[in-house]
Amino acid sequence: MENFIFCNPTKLIFGKGTIASIDAQLPADSVVMMTYGGGSIKKNGVYEQVRKALGSRRVVEFGGIEPNPRYETLMKAVASAKAEGVDFLLAVGGGSVIDGTKFIACAMGYEGSDPWDFVRDNSKLKSVTPLPLATVLTLPATGSEMNNGAVITRGSSDEKLAFHHRDVYPRFSVLDPEVCYSLPDKQVANGVADTFAHVLEQYLTYPCHAMVQDRFAEGILKTLVEIGPGVVKDHTDYDTVSNYMFSATMGLNGIIAMGVPQDWATHMIGHELTALCGLDHGVTLAIVFPALMSVMRADKHDKLLQYACRVWGIDSGSPEARIDEAISLTRRFFEALGIKTHLSDYGIGDDIIRSIVDRMSERGWKLGERGNVTPDKVKLILEAAK
Ligand code: NZQ
Ligand code: ZN
């Protein structure tokens, strides 16, 4: 096992009717900016519950944060929060609203001229103290409600980049599974695929004797295999939705990452597909992961065999045949969620592959747990995803 330091300060408040508990968590005199997306919270009753819980505090609303949150939109929120003297941010939404709010939190404390600079170069965040934030999660997928990362898109340059800050963990996150009942099937499919991919990014690397972390990761993967396709079709059963929601949070809150190598190449390639073609985040992962498993099968050989056996129950046949079958079952799992897994299904061809490979070369990126997913490998992966 590798050395590690673990600290996750987010308080989780999980269960039915928990939105009301916001009141007790927030200082009575705080000036709160409540951020949200395109309006789903006004149709499913979440907006009213949150406003009621905020009581008589001064609340500044900022709605309209779009999926794949944009720097251009978020800068308007920063201006408003500064003008109104906001001292606490409450994100009510999915990963996009939460990530956007993390950007606002950091931008409020940033003294440089343009906050996009810290998205491009995370080292510029070192001396920044972000504004405190909390979340009411409405879409289980990204784990953003309990981690310190965010992914922001800049429309003018078609860039989609991640940043991390040690102090941008939400102070608390409210997870009421009942808010998922109103989710469109497609968003649940994206959320299950994203969670599955997060676990694979931290698990499907090379063995390092992290027995407990491996079993945790396999537990989440097996839970998703068991409930994933069903929860896409019907997400109104409280117990099933609770397990989906908890899987998503546990998939990317640092717990399964302790002491293990991590990959993240699929995510980095996927972000380019979203930036250039507008595909949903979960969809990009379902396209790239099976292809990456094939291209990187020699490097991931031992873990692929473990994955085949422990997640899919494949324990006979030659090692290569077992790996082939595990890759094929992974693809079938994404397809059972209703997500097509080939670039051609989305009309994406060689021109986009070339653009992504060129971008990776310009940035000098070497991805993956061994830093050997070079632009040439990215090309092979995208060719295999055609
Ligand atoms: O905007 P509204 O009207 O709220 O509608 C949203 C949005 O259209 C809708 N929705 C959310 N909750 C709902 C609901 N509709 C009905 N009922 C509800 N309860 O769902 C749509 C998609 O929302 P979005 O927040 O974009 O989805 P998701 O949570 O999948 O977030 C995706 C973003 O997170 C980033 C992705 O790159 C992408 O930008 N990620 C963030 C990560 C992190 N911070 O750690 C890690 C991930 O790998 C990922 O990269
Ligand atoms: Zn993801």
Side-chain angles (χ1 to χ4, degrees), residues 10 19 35-47 49-50 62-71 73-74 91-103 119 133 135-154 159-165 168-170 173 175-202 235-236 241 244-245 248-249 251-254 257 262-275 278-286 288-289:
T10 301
I19 293 177
T35 54
Y36 55 94
S40 69
I41 63 164
K42 294 204 167 159
K43 295 187 197 127
N44 60 12
V46 170
Y47 175 85
Q49 291 182 63
V50 173
F62 188 87
I65 298 180
E66 55 282 271
N68 309 307
R70 290 192 170 231
Y71 158 84
T73 305
L74 301 169
V92 185
S96 294
V97 172
I98 300 175
D99 284 8
T101 305
K102 289 176 177 175
F103 174 88
V119 180
L133 71 119
T135 85
V136 176
L137 180 69
T138 66
L139 198 180
T142 64
S144 190
E145 67 279 7
M146 199 178 176
N147 70 35
N148 66 341
V151 190
I152 307 298
T153 295
R154 185 166 186 159
E159 287 170 285
K160 182 172 183 182
L161 298 172
F163 75 86
H164 293 83
H165 187 296
V168 87
Y169 286 93
S173 282
L175 277 62
D176 180 344
E178 290 189 318
V179 306
C180 302
Y181 297 172
S182 62
L183 279 166
D185 295 358
K186 180 181 97 155
Q187 295 303 342
V188 180
N190 288 343
V192 173
D194 195 17
T195 304
F196 201 85
H198 291 159
V199 179
L200 288 181
E201 299 277 26
Q202 300 160 88
H235 30 278
T236 58
V241 170
Y244 157 46
M245 199 170 212
T249 303
L252 192 50
N253 64 359
Q262 300 185 47
D263 180 344
W264 298 106
T266 295
H267 267 70
M268 294 301 118
I269 301 169
H271 288 167
E272 296 307 316
L273 285 169
T274 301
L279 296 189
D280 290 351
H281 175 63
V283 170
T284 68
L285 308 173
V288 177
F289 234 123

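Ligands are counted one by one from 1 in listed order, and the atoms in each one are counted from 1 as well. What's counted below: heavy atoms across the whole structure, side chains too, no hydrogens, waters or symmetry copies. We count residues from 1, following the sequence as given.
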Open item on the list: Would L183 count as a contact residue for ligand 1, given that I'm defining contact as a non-hydrogen atom of the residue lying under 4.0 Å from a ligand atom?
Closed with: yes
Open item on the list: Using a 4.0 Å cut-off to any heavy atom of N44, which atoms of ligand 1 qualify?
Closed with: 17 (N), 18 (C), 19 (N)
Open item on the list: In the structure I gave you, are the side-chain heavy atoms of M146 and L175 within less than 4.5 Å of one another anywhere?
Closed with: no
Open item on the list: Would V179 count as a polar contact of ligand 1, with the cut-off being nitrogen or oxygen pairs under 3.5 Å?
Closed with: yes
Task: Per-atom contacts of ligand 1 with D194, taking only distances under 4.0 Å to non-hydrogen atoms - done: 47 (C), 48 (O)
Open item on the list: Checking a contact table here: which protein heavy atom is nearest atom 5 (O) of ligand 1, and how many Å away?
Closed with: S40 OG, 3.8 Å
TODO: Please indicate whether any nitrogen or oxygen in G39 is less than 3.5 Å from any nitrogen or oxygen in ligand 1.
DONE: yes
TODO: Find all atoms of ligand 1 within a distance of less than 4.0 Å from any non-hydrogen atom belonging to P184, and give their numbers and elements.
DONE: 15 (N), 16 (C)
Open item on the list: How far is atom 42 (C) of ligand 1 from the closest protein heavy atom, and which atom is that?
Closed with: T142 CB, 3.7 Å
Open item on the list: When you measure from the side chain of T10 to the backbone of P170, do you find a donor-acceptor pair of N or O atoms at a distance under 3.5 Å?
Closed with: yes
- [ ] For the residue pair E159 and T153, confirm or rule out a side-chain donor-acceptor distance under 3.5 Å.
- [x] no
Open item on the list: Quick check on D99 - does any of its heavy atoms sit under 4.0 Å from an atom of ligand 1?
Closed with: yes
TODO: Nearest 0.5 Å please: distance from the NZ atom of K102 over to the OG atom of S144.
DONE: 3.0 Å
- [ ] State the CG-OG distance between L137 and S173, to the nearest 0.5 angstrom.
- [x] 7.0 Å
Task: Identity and distance of the protein heavy atom lying nearest atom 11 (C) of ligand 1 - done: T138 OG1, 3.5 Å
TODO: Report the member of E178, K43, K160 with the shortest heavy-atom distance to atom 37 (O) of ligand 1.
DONE: K160
Task: Polar contact flag, side-chain donor to acceptor under 3.5 angstrom, T35-T101 - done: yes
Open item on the list: Just to confirm my output: which protein heavy-atom neighbour is closest to atom 7 (C) of ligand 1, and how far is it?
Closed with: P67 CG, 4.0 Å
- [ ] Kindly compute the distance separating CG (L285) from OG1 (T274), expressed to the nearest 0.5 Å.
- [x] 8.0 Å
- [ ] May I ask whether E66 has any heavy atom positioned less than 4.0 angstrom from an atom of ligand 1?
- [x] no
Task: Side-chain donor-acceptor pair present, N253, N147, cut-off under 3.5 Å - done: no
- [ ] Under 4.0 Å from a heavy atom of L139: give me the atoms of ligand 1 that qualify, with their elements.
- [x] 11 (C), 12 (N), 20 (O), 22 (C), 23 (O), 27 (O), 28 (P), 29 (O)
- [ ] With the side chain counted from C-beta on, respond yes when R70 and I65 share a heavy-atom pair under 4.5 Å apart, and no when they do not.
- [x] no
- [ ] Report, in ascending order of atom number, the atoms of ligand 1 lying under 4.0 Å from any heavy atom of H267.
- [x] 48 (O)
- [ ] Taking all non-hydrogen atoms of both residues into account, name the closest pair between A141 and A248 and its distance.
- [x] N-CB, 3.5 Å
Open item on the list: As an exercise, state the distance from CD of E201 to CH2 of W264, rounded to the nearest 0.5 Å.
Closed with: 5.0 Å
Task: Numbered atoms of ligand 1 (with element) below 4.0 Å of G149, judged on heavy atoms - done: 44 (N)
- [ ] Please confirm whether G38 comes within less than 3.5 Å of ligand 1 when only nitrogen or oxygen atoms on both sides are compared.
- [x] yes
Task: Within-4.5 Å side-chain heavy-atom neighbours: V179 and M245 - done: yes
- [ ] Quick one: name the protein N/O/S atoms under 2.8 Å from the Zn ion (ligand 2), chain by chain.
- [x] D194 OD1, H198 NE2, H267 NE2, H281 NE2
- [ ] Do me a favour and list the nearest non-hydrogen protein atom to atom 16 (C) of ligand 1 with residue, atom name and distance?
- [x] S182 O, 3.3 Å
Task: Protein contact to atom 45 (O) of ligand 1 [nearest heavy atom, distance to 0.1 Å] - done: N147 ND2, 2.9 Å
Open item on the list: Please report whether ligand 1 has a polar contact with K102, defined as an N or O pair separated by less than 3.5 Å (distance criterion only).
Closed with: no
Open item on the list: Only heavy atoms of G37, strictly under 4.0 Å: list the atoms of ligand 1 that pass.
Closed with: 1 (O)
Task: Closest protein heavy atom (residue, atom, distance) for atom 25 (O) of ligand 1 - done: S96 N, 2.9 Å
Task: E145 side chain to T249 side chain, donor-acceptor N/O pair below 3.5 angstrom - done: yes
- [ ] Check whether any side-chain heavy atom of V188 lies under 4.5 Å from a side-chain heavy atom of C180, and answer yes or no.
- [x] no
Open item on the list: A side-chain contact here means heavy atoms from C-beta on lying under 4.5 Å apart; do Y71 and V119 qualify?
Closed with: no
TODO: Just need the protein heavy atom nearest to atom 49 (C) of ligand 1, so name the residue and atom and give the distance.
DONE: H281 NE2, 3.3 Å
Open item on the list: If you define the side chain from C-beta out and look only at heavy atoms, does anything of K160 sit under 4.5 Å from N68?
Closed with: yes
- [ ] Measure the shortest side-chain to side-chain distance between T142 and L252 over non-hydrogen atoms and say whether it is less than 4.5 angstrom.
- [x] no
Open item on the list: Pairs of nitrogen or oxygen atoms closer than 3.5 Å, one from I65 and one from ligand 1: do any exist?
Closed with: no
Task: Heteroatom proximity flag, A141 to ligand 1, N/O under 3.5 Å - done: no
Task: Any N148 side-chain heavy atom under 4.5 Å of H165 side chain - done: no
